[in-house]
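First the structure, in the form of structure tokens, and then the observations on it.
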Protein chains: 2
Amino acid sequence: MALTKQAIVGAALAILDDYGLADLTMRRVADSLGVQAGALYYHVPNKQSLLAAVADHILAERPAVSTPGDPGETLRLWGRGLRSVLLTHRDAAELVASTQVLGLGEVDPCLEGREALIAAGLQQPDATMAALLHFILGHVTGEQTRLQLAQLSVATAPDEAASERDFEWGLGLMIRGICGR
Amino acid sequence: MALTKQAIVGAALAILDDYGLADLTMRRVADSLGVQAGALYYHVPNKQSLLAAVADHILAERPAVSTPGDPGETLRLWGRGLRSVLLTHRDAAELVASTQVLGLGEVDPCLEGREALIAAGLQQPDATMAALLHFILGHVTGEQTRLQLAQLSVATAPDEAASERDFEWGLGLMIRGICGR
DNA sequence: ACCTGAACACCGTTCAAGT
DNA sequence: ACCTGAACACCGTTCAAGT
């Protein structure tokens, strides 16, 4: 059967989950598909765009957030949902951050949050959502890096409850600042 | 003259400024010092620790923030000061973020901010400063990446004023959420 | 003690050549 | 059209050997 971009993205995601972003190389992806590394470049222009496709695939798994009237509550559900999908794939936060900063990727993780801000008539929705996204990606990147360091036993197991508490604290203070109390 | 860790860090910082983080390789650092790559490993255990030393050197350039009574104003000055030093070296935000997440680096950029929070009797100073740091590193990483993309002429020149306005907006909403109005 | 030279085990990417 | 084989120009790191 012929190679597909779909198949390549799937193989890349599997390697991400099993070996992490540092070991997600074009050669490994090709090997797992039983193909030469050069063959990938017939379906994908370069590694960066493959990574963007993987990031999009992960972000697309995010559940739709039901929007009650309160924009603060919508943002809270949005933030928790984003953190949740990121936690389902190894190094996902770092991956999404790197594609986000380069402006690659078709999926906009901020869409629903921004709409909630606009619907509520709040100012500067773009800058607000960018700030929230920076916090979430930074926080989850820290969580996932600590998980990996612990798995390599170069550090003690991280306190999962404390991580979630700190996330809720940061999310809460930002929502407070956005919605005004 | 013999090689020093100081000299290696200085050479690495110069390469960072001139060529960026992606081109900051051990071989390039060695070349600029007129030495073989292997020689660096007599003074530095690995690349990651060299990067941490460079990050520390940059963070040490940060001016001390005078602390007036209002904790919100202290945090604002602290945040602006951190962004300023980061903007003085190419890719500095990405570099600091990567060493911060690994727990490397001796310099704690959050020290003064955390002290201001504690002095004001505010809750969860660690989680609060972590959230602020994530926002700042994420925002400035975006700024510096856009600068580079424009320099490679793959994108139009970024709007510097808009970047600063968005930074002030994000910093402002977080401080509002921290201090309560 | 400090550095060279050379190797090891990799990378991303390109491209003529095959089918 | 799609893939192989092989190369190009790199990496970080190690280590015997020299001085």
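Below, read A as the first sequence line, B as the second, and so on, with proteins coming before strands; counting in each chain starts at 1. Hydrogens, waters and symmetry mates are skipped; everything else that's a heavy atom, side chains included, is used. Keep in mind that this is a model prediction, so the values were computed, not measured.
Distance, K5(A) NZ to dA1(D) P: 19 Å, rounded to whole Å. Note: CD1 (I8(B)) to P (dC2(C)) measures 11 Å, nearest angstrom. When the P atom of dC11(C) is taken as reference, atom CG of L40(A) falls 13 Å away, rounded to whole Å. Note: CD (Q36(A)) to P (dG5(D)) measures 5 Å, nearest angstrom. If you take CG of D23(B) and P of dG12(C), they are 16 Å apart, rounded to a whole angstrom. Atom CG of L21(B) is separated from atom P of dC11(D) by 13 Å (rounded to the nearest Å). Look at CG on N46(A): it is 17 Å from P on dC11(C), rounded to the nearest Å. Across the protein-nucleic acid pair, M26(A) atom CE and dT14(C) atom C1' stand 12 Å apart, rounded to whole Å.
With dT13(C), dC3(D), dT14(D) as the candidates, the nucleotide lying closest to the side chain of A37(A) is dT13(C). Of the candidates dT13(D), dT13(C), dG5(C), dT13(C) carries the atom nearest the K47(A) side chain, counting heavy atoms from C-beta on. Candidate nucleotides dT13(C), dC11(D), dC2(D) were compared by shortest atom distance to the side chain of R27(A), and dT13(C) ranks first. Closest contact between the side chain of Y41(B) and the listed nucleotides dG5(D), dT14(D), dT13(C) involves dT14(D). Proximity note for Y42(B) (side chain, C-beta onward) versus dC11(D), dC2(C), dT13(D): the nearest is dC2(C).
Applying the 4.0 Å criterion to OP1 and OP2 of dA1(C), one finds that H43(B) has every side-chain N and O outside that range.
Remark: R114(A) engages D108(A) in a salt bridge, criterion side-chain N to carboxylate O under 4.0 Å. A salt bridge links E73(A) and R76(A); the closest N-O separation between the charged side-chain nitrogens and carboxylate oxygens is under 4.0 Å. Salt-bridge formation is detected for the pair R62(A)/E112(A): a Lys NZ or Arg NE/NH1/NH2 atom is positioned less than 4.0 Å from an Asp or Glu carboxylate oxygen.
In this structure, dA17(D) forms no base pair with any nucleotide, since neither Watson-Crick nor G-U wobble geometry is met with both distances under 3.5 Å. Pairing partner, dC3(C): none, since no Watson-Crick or wobble contact has both distances short of 3.5 Å. dC10(C): no Watson-Crick or G-U partner with both key distances under 3.5 Å is found in any strand.
The same atom, P, is picked in dA9(C) and in dC10(D); the two are 22 Å apart, to the nearest Å.
For Q148(A) and D91(A), the side-chain atoms include at least one donor-acceptor pair closer than 3.5 Å.
In this structure, I136(B) and W78(B) have side chains that are in contact, with non-hydrogen atoms separated by less than 4.5 Å.
Each of A39(A) and R28(A) lies near DNA chain C, and the nucleotide nearest R28(A) is the one positioned closer to the 5' end.
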